[in-house]
Amino acid sequence: MKFGKLSNIESVDFSLPPDASTNQNILATATQKEGAAKHLQFYIGCTGWSMKEWVGTVYPKGTKTTDYLRHYGQQFNTIELNTTHYRIPTLEMIAKWKDQTPSDFRFCPKIPQTISHRRQLGAYSSALTQFADAIQGLEERLGCCFMQLPPYFGSDRLPQLTQFVEQFPNHIPLAIEVRHESWFDTPNAASGLVDLLQKHHMAWVLTDVAGRRDVLHMQLTNRTAMVRFVGNGLHPTDYSRIDDWVERLATWYQQGLSEVYFFPHEPDNVLAPQLAAYLLEQVQKLSFVQVRGPKLRDEQEGQMSLF
């Protein structure tokens with residue numbers, strides 16, 4: 001994930017911004033309609049499973065590439081499924097993914113770029129219907145889809161986004177990530193987006209990255225938080241930032257948050273499982289969280305450990 005990356009992070013203020021003023025009301029309203037959540041359902045995952053560098057730590061020694069997903073699913077309970085950004089999966093692919101993952105696993109497919117990077121967001125093509133038909137084959141393993149809009153997609157294009165949201169199947173969970181500065185340059189710049197997402201029960205992706213602190217808006221629009229966390233090679237601040245996130249998510253649960261999808265990123269994602277393991281350790285200290293995450297292997301002895 002190159003967006004917002006910095007070569008030097010020494011001057012970055014990594015503290016989490018205050019919550020959006022509307023969060024408590026949005027969560028309270030949703031809780032009244034849906035009922036209080038008994039647990040905070042917490043999903044931890046990376047951005048792919050095809051990582052040969054993980055053999056010996058995340059995957060057992062000698063694991064074949066054809067078995068990577070099966071072992072990934074035993075370690076993590078979700079995935080930021082970037083492969084769907086480049087092509088719509090076939091029914092055969094969907095069936096294979098389901099067969100190789102546990103029942104509590106959730107895929108979070110990325111909206112294809114043939115939709116997210118077209119001016120009308122696929123309004124005049126069959127791509128959205130094809131995508132929706134395909135991913136519905138995941139059935140109970142379908143988590144929250146997400147759409148990453150390109151950096152040039154500004155707030156002036158809210159009408160096109162509105163058209164897309166109104167066409168998107170309302171039974172499929174969706175989170176949306178915007179990046180253009182115009183969504184964040186004034187306190188009310190994204191008010192129309194917030195209203196739109198809240199109305200359609202969609203989430204606004206929270207992106208925590210060193211070089212674009214503005215995109216860490218801390219605005220909730222439903223009872224789901226999707227956090228895309230970009231670390232810096234397991235720098236000490238990666239861990240302190242995780243601590244802050246766990247505390248903030250615990251507060252949001254007390255206010256009505258019901259589920260979290262948390263995706264740690266590291267350079268080339270080689271070290272992402274180590275940060276995920278640390279996140280798991282901190283989250284497991286909370287009695288109200290239902291979670292499953294990685295227990296890494298010692299490369300020399302093959303023993304399971306957090307670090």
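Numbering of residues begins at 1 and proceeds along the displayed sequence. Note: hydrogens, waters and symmetry copies are ignored here, and every other heavy atom, side chains too, is used.
Looking at Arg248, its side chain does come within 3.5 Å of a backbone N or O of Pro17 through a donor-acceptor pair. Here the side chain of Glu266 pairs a donor or acceptor atom with the backbone of Gly233 at under 3.5 angstrom. One N or O on the side chain of Asn23 and one on the backbone of Met218 form a donor-acceptor pair closer than 3.5 Å. Judged purely by atom type and a 3.5 angstrom limit, Tyr253 has no side-chain atom pairing as donor or acceptor with the backbone of Val289. With hydrogens and angles ignored, the 3.5 Å screen pairs a side-chain donor or acceptor of Asn222 with a backbone N or O of His201. Between the side chain of Asn77 and the backbone N or O of Ile44, at least one donor-acceptor pair lies under 3.5 Å. No donor-acceptor pair closer than 3.5 Å links the side chain of Gln41 to the backbone N or O of Val260. Proximity of a side-chain donor or acceptor of Ser258 to a complementary backbone N or O of Arg223 within less than 3.5 Å is detected.
Pro89 approaches Ile94 most closely through the heavy-atom pair CG-CD1, 3.8 Å. Among all heavy-atom pairs drawn from Ser182 and Gly154, the shortest one is OG-CA, 3.4 Å. Nearest heavy-atom pair, Gln219 versus Ala20, reported as atom, atom and distance to 0.1 Å: OE1-CB, 3.1 Å. Nearest heavy atoms, Ala225 versus Leu206: CB-CD1, 4.3 Å. Of all heavy-atom pairs between Pro60 and Val55, the closest is O-CG1, 3.5 Å.
Using modelled atom types and a 3.5 Å distance limit, the side chains of His85 and Gln148 yield no donor-acceptor pair. A donor-acceptor contact under 3.5 angstrom links the side chains of Thr101 and Arg141, judged on distance only.
Contact check for Leu174 versus Ile111: side-chain heavy atoms found under the 4.5 Å cut-off. In this structure, Phe42 and Leu280 have side chains that are not in contact, with every pair of non-hydrogen atoms separated by 4.5 Å or more. Between Val165 and Met202 there is a side-chain heavy-atom pair separated by less than 4.5 Å.
Between His217 and Phe184, the angle of the ring planes stays under 30°, which puts this pair in the parallel group of the 30/60° scheme. Using cut-offs of 30° and 60° for the angle between ring planes, the Phe105 and Tyr72 rings count as perpendicular. Taking the six-membered ring where tryptophan is involved, the planes of His71 and Tyr59 are tilted, since the angle between them lies from 30° to 60°.
Around CD of Glu247, the count of heavy atoms belonging to other residues, nucleotides or ligands within 6.0 Å does not exceed 12. No more than 12 heavy atoms of other residues, nucleotides or ligands sit less than 6.0 Å from atom CZ of Arg118. The 12-atom threshold is not exceeded at CD of Gln24, counting heavy atoms of other residues, nucleotides or ligands nearer than 6.0 Å. Atom OH of Tyr152 has more than 12 neighbouring heavy atoms from other residues, nucleotides or ligands inside a 6.0 Å radius.
Grouped with Phe146 in one hydrophobic cluster are Tyr43, Val205, Met226, Tyr261, Phe263, the linkage being side-chain heavy-atom contacts under 4.5 Å among Ile, Leu, Val, Met, Phe, Trp and Tyr residues.
Of the charged side-chain nitrogens involved, at least one lies within less than 4.0 Å of a carboxylate oxygen, so that Arg241 and Asp238 count as a salt-bridged pair.
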Check the pair Lys38 / Gln290 against side chain to side chain contact (heavy atoms under 4.5 Å, CB included), numbers first and verdict last.
CA-CA 10 Å; Lys38 184 177 180 180; Gln290 188 168 316; over 6 Å; no
Output, in order, the C-alpha distance, side-chain angles, deciding distance and verdict of side chain to side chain contact (heavy atoms under 4.5 Å, CB included) for Phe14 and Arg213.
CA-CA 8 Å; Phe14 280 113; Arg213 302 310 288 166; 3.9 Å; yes
Could you walk me through whether Leu249 and Phe262 pass the side chain to side chain contact (heavy atoms under 4.5 Å, CB included) test, one step at a time?
CA-CA 11 Å; Leu249 292 167; Phe262 202 109; 4.1 Å; yes
If you apply the rule side chain to side chain contact (heavy atoms under 4.5 Å, CB included), what do you find for Leu121 with Gln163, and how did you get there?
CA-CA 8 Å; Leu121 301 181; Gln163 183 181 39; over 6 Å; no
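Pairs of residues two or more places apart, or lying in two chains, never qualify as salt bridge (Lys or Arg N to Asp or Glu O under 4.0 Å) while including a residue from residues 62-77.
Transitive grouping of hydrophobic side chains (ILVMFWY, heavy atoms separated by less than 4.5 Å) keeps Leu16 and Leu6 in distinct clusters.
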